[in-house]
Amino acid sequence: MAGGPREVLTLQLGHFAGFVGAHWWNQQDAALCRPTDAKEPPGELCPDVLYRTGRTLHGQETYTPRLILMDLKGSLSSLKQEGGLYKDKQLDAAIAWQGKLTTHKEEIYPKNPYLQDLLSAEGVLNSDGIWRVKSIPNGKGPPPFTTATTPKPVIPTEGSIRVWSDFLRVHLHPRSICMIQKYNHDGEAGRLEAFGQGESILKEPKYLEELEDRLHFYVEECDYLQGFQILCDLHNGFSGVGAKAAELLQDEYSGRGIITWGLLPGPYCLGEPQKNIYRLLNTAFGLVHLSAHSSLVCPLSLGGSLGLQPEPPVNFPHLQYDVVTAGATIPFPLVPSQSLPDTLMQLGEATPWTPLSACGDPSGTCCFAQSVVLRGLDRACHTSQLTPGTPLPSPLHACTTGEEVLAQYLQQQQQPRVRSSSHLLLTPCKVVPPYPYLFSSSLSQQGLVLDGPPTGAAVESIPVLGALCSSSSLNRTLGDLAKDLARLDLRRWASFMDAGVEQDDLEETLQELRSLAQCYQSGDSLMD
């Protein structure tokens, strides 16, 4: 855009947010590569919105996420807090103190086999301590390294993955990682379990000043700061960290947008009552406080419910995963012989995406507004491929552009009174390890649904339909959450209140939840 990209700074708060963030940043990193297909449009995605350029101590240009992440002691495994791009052996060896030294070193975790190929993929650390990193977009950085053969990537096993950094293939800036040393990631003692504990962290000058320093570092180098996105655990004490962080951003950077993704793991075990009650309380407090200080809040979970009663996980027909409102169709179910109007017509009036916000079955709910993005379909299949003169099966087949097809489908095939915005992008979602092995054999290399026998080739990219919706499903979800909260006998869970939350805070949260739920009543609900 004219005047440069509108930068966004990401805050990633919590260990589950770390897993989501690691996969998300890997996906962004895969999109940085220059287009290899002449059909792929240049400049459709602008990585400078999320990434920043910099230089190592040796003058080597780097390209790293504009990211601040917070996690607990013991959560990094082999990832160094300061990263690896800016390491200087000569500086490390220069010690001013000439007296006797005693060195205490923590156990170094070995890098898991899945990340062993990171150096060859991302660059080389020479004997002189200088990183040679891969080339980056727009001609930045040195020429890419090439090898005669590309080794088959190692597939991570369940036993090899301990923490989110075991998945991360992206180099981070030294200012990205902020460790909370007063709480432990592993073990049963010293855990960050309650909303009040999380709030108190950013009331301590040490952690507050550290976060503010990092915010100022990233924000001051932005020319056109658009705003912030927060990825935040909702089920543990990081819901309180996220609430205070959002409040800080709203106070210090008034007028900038703040979009918050509240993240929860999938189905949980009923045999762990304290964890489930804490999950409920943290989620309720987190949603209320984050909503008060964010431009938009969207819960994300593969589970079917935010409340105490677990629901079956969501299902994607062509995706196999271990379970770790938004919605998505992954991948978009286009058959190579079909056009976009053909596929949309087959979907009919059914909701074309799988809900990802733990709001239950969307059938029977009313959508008020939605923003929809479809990406990764070849331009040739955007419109009808019928021979001229053939009767048109639907009005969608009369549209002359893919944008018109998608917009008309949302307007006419869905709910005519819904306010919809839609975007059609040609660039697909790249598929990088371990993702190709999560997809079924019924997909082609381009992620299209095969109408013949499987080819055995790994998926390289996929088309995706995604949506953000404001709907009456939130009325039911937030209302049920409030009912679960109201039934609790808090005398049994005094430890949650001891963390800094009082009875008045709970009553206020309960009332705010009910008020939020009322905002999403449909017209029929108002008549009841």
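The figures that follow rest on heavy atoms only: side chains count, while hydrogens, waters and symmetry mates do not. Quick caveat, the model's predicted, so the values are computed rather than measured.
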Sort out for me which residue in S420, S421, S422 forms a side chain to side chain donor-acceptor pair (under 3.5 Å) with Q370. S420

OH of Y520: more than 12 outside heavy atoms within 6.0 angstrom?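 Not more than 12 within 6.0 Å, no.
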
Does a sphere of radius 6.0 Å around CD in E502 hold more than 12 heavy atoms from other residues, nucleotides or ligands, not counting ones at 6.0 Å or beyond? no

Tell me, which pairs form a salt bridge (charged side-chain N to carboxylate O under 4.0 Å, His left out) where one or both residues lie in residues 462-490, sequence neighbours left out? D484-R487, D489-R491

Can the ring centres of F217 and H173 be said to be less than 6.0 Å apart? yes

Are the aromatic rings of W24 and F19 close, with centres under 6.0 Å apart?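 When the ring centroids of W24 and F19 are compared, they turn out to be at least 6.0 Å apart.
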
Stepwise ring-ring contact (aromatic ring centres under 6.0 Å, His included) check, F332 with W353: CA-CA 9 Å; F332 185 73; W353 43 78; over 10 Å; no

When you compare the side chain of P352 with that of L465, does any pair of heavy atoms fall below 4.5 Å?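 The answer is yes, as the side chains (C-beta and beyond) meet within the 4.5 Å cut-off.
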
Measure the shortest side-chain to side-chain distance between R6 and V49 over non-hydrogen atoms and say whether it is less than 4.5 angstrom.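 Side chain of R6 against side chain of V49, heavy atoms only: no contact under 4.5 Å found.
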
Can you give me every donor-acceptor pair (side chain of residues 250-258, partner residue at least two apart or in another chain, under 3.5 Å) with its distance?
residue, atom, partner, partner atom, Å
Q250, OE1, H293, ND1, 2.9
E252, OE1, H216, NE2, 3.4
R256, NH1, L225, O, 2.9

Please verify the inter-ring angle class for Y278 with F496; under 30° counts as parallel, over 60° as perpendicular, anything in between as tilted.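 If you compare the ring of Y278 with that of F496, the planes turn out perpendicular.
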
Return the orientation label for the H15 and H185 ring planes: parallel under 30°, perpendicular over 60°, tilted otherwise.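 Plane angle between 30° and 60°, so tilted.
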
By ring-ring contact (aromatic ring centres under 6.0 Å, His included) - contacts of F195 (at least two apart):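 With neighbours one apart ignored, the set is F285, H289.
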
Checking the side chain of D166 only, and the main-chain atoms of V163 only, is there a donor and an acceptor separated by less than 3.5 Å?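 Yes, the answer is positive, given that a donor and an acceptor are paired below the 3.5 Å cut-off.
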
Please answer whether the main-chain N or O of C367 pairs with a side-chain N or O of S471 as donor and acceptor at a distance below 3.5 Å.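 No.
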
Looking at S301, S305, S473, which one forms a side chain to side chain contact (heavy atoms under 4.5 Å, CB included) with C359? S473

